[in-house]
Amino acid sequence: MSRILVTGGAGYIGSHMCWELVGRGHEVLVIDDLSTGHEQALPPGTTLLRGQVGAPEIAAALAHEHARSPLAGAMHFAAKARVDESVRFPDLYFEHNTQQTLRLAQQLRELKVPWFMLSSTAAVYGNTSGELIREDHPVAPASPYGESKLRAELGLRDWAASGGERVAILRYFNVAGADPEMRTGQSTPQATHLIKLAAQTVVAFERGQASGASSSVSPTMQIHGTDYPTHDGTCLRDYVHVSDIAGAHLAVMESLMNSTTSSRDARVFNVGYGQPYSVREVLACMQDVSGVKFPIVEGPRREGDVVRVACDSRRLQAETGWAPRFADLKLICQTALAWERRLAARTL
Ligand code: UDP
């Protein structure tokens, strides 16, 4: 059993990670400011340091915790992750996603924590070309969000080269779904992601029916652009179940822990399935699993959207033995919807 630091552990991906770690007998120490996360998402027995990564009082509490019971390594999920917000407040994103990451890494070096994993994103690739994206695909972020993550990656790579820590960077594709056991899910307010919004639309529809509302305005999904050069005119994305993202971290963690040499380089891994789906296919799937035929309207393109994003994860599979367990769009939609229904039941 090891003690692992999980920053952002009360958030969407971080909370799934905490449950996976605890399920394997590890102990988790969480840093989270609860700006978008929820304390109820944490497994019982978790120690929570409430505040921002890199804040002086959090740094002091982290040093104290490490002295009490040493950390084996760190997984850094705490970040700001709204593309639209990053366009309005780029400096905020560089502060949170880039600077705070490097400050945390530096503190962990001082504490002699031997490995560090960074949560990154396929948004670092920007407009992609070719079939499946490998880690050596050129990077060219299309938003300050992607740029702030790329700068964190580059800073971390330089930092890793000057020390002995083992460092890994995971670039996720489109994360969706919820823990199949319903211990946690995506509770982030004001979500903008397609599957979360579709699940919210189903629930709004069901609530309207339950209350007998006869409003002429019903919950609707809008497709952002139907004139893309794809088989049905809508954008293609590689949707990955959030529990497989957590599983990928476990696989990378085990390979970092078993490695006896320090590579002096941060290893980058893509996490996705390599099977992209269109917006129309996702919405049809959500209608199918819910039995709710919510209306779908066709709207204009959304600024900044790229046509096709699909992942080549062969490096991750070959080097760590990671194998996806939930590579099924139906299961992703079902679990996202089941979680949304739970959230709705809580607020009835
Ligand atoms: N999308 C859509 N309607 C929505 C939300 C998203 O058509 O209400 C599309 C979006 O334009 C993109 C795809 O769904 O083509 C995935 O978007 P999302 O925001 O989930 O993830 P992104 O790939 O932008 O990170």
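These values consider heavy atoms only, across backbone and side chains, with no hydrogens, waters or symmetry-generated copies. All ligand and atom numbering here is 1-based and tracks the order in the structure. Please read these numbers as outputs of a predicted model, since none were measured by experiment.
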Worksheet item: For atom 25 (O) of ligand 1, which protein heavy atom lies nearest, and how many Å away is it?
Response: Asn174 ND2, 3.8 Å
Worksheet item: At a 4.0 Å threshold, what atoms of ligand 1 neighbour a non-hydrogen atom of Gln222?
Response: 2 (C), 3 (N), 4 (C), 7 (O), 8 (O)
Response to the item:
All heavy atoms of Arg207 vs all of Ala344, minimum pair found to be NH2-O, 2.8 Å
Fill in: Closest approach of any protein heavy atom to atom 15 (O) of ligand 1, naming residue and atom
Cys235 CB, 3.1 Å
Discussion item. Once you measure the plane-to-plane angle for Tyr145 and Tyr93, does it fall in the parallel (<30°), tilted (30-60°) or perpendicular (>60°) bin?
Written reply: perpendicular
Practice prompt. Please examine the side chains of Gln106 and Arg103, heavy atoms only from C-beta on, and report whether any two atoms are closer than 4.5 Å.
Written response: no
Practice prompt. For the residue pair Ser243 and His16, confirm or rule out a side-chain donor-acceptor distance under 3.5 Å.
Written response: no
Worksheet item: ligand 1 versus Arg237, non-hydrogen atoms closer than 4.0 Å: side chain, backbone, both, neither?
Response: side chain
Practice prompt. Could you find the nearest protein heavy atom to atom 20 (O) of ligand 1 and give me its residue, atom name and distance?
Written response: Leu194 N, 2.8 Å
Worksheet entry | Glu110 and His66: side chain donor to acceptor below 3.5 Å | no
Practice prompt. Compare Val282, Asp305, Leu236 and give the one whose heavy atom is closest to atom 10 (C) of ligand 1.
Written response: Asp305
Worksheet item: Between Ser162 and Arg109, does any side-chain donor sit less than 3.5 Å from a side-chain acceptor?
Response: yes
Fill in: From His224, His193, Arg302 - option closest to atom 17 (O) of ligand 1 by heavy atom
Arg302
Worksheet entry | Heavy-atom nearest neighbour in the protein, as seen from atom 9 (C) of ligand 1, with distance rounded to 0.1 Å | Val279 CG2, 3.7 Å
Worksheet item: Going by the order shown, which atoms of ligand 1 are within less than 4.0 Å of some heavy atom of Met221?
Response: 8 (O)
Worksheet item: Angle class for the Phe173/Tyr125 ring planes (parallel below 30°, perpendicular above 60°, tilted otherwise)?
Response: tilted
Worksheet entry | Ile223 neighbourhood, listing ligand 1 atoms whose heavy-atom distance to it stays under 4.0 Å | 7 (O)
Worksheet item: Taking atom types as modelled, is there a side-chain donor on Tyr228 or Asp305 under 3.5 Å from an acceptor on the other?
Response: no
Practice prompt. For Thr192, counting its heavy atoms only, list the atoms of ligand 1 lying under 4.0 Å from any of them.
Written response: 5 (C), 19 (O)
Worksheet entry | Within-shell test, Tyr239 vs ligand 1, heavy atom, strictly < 4.0 Å | yes
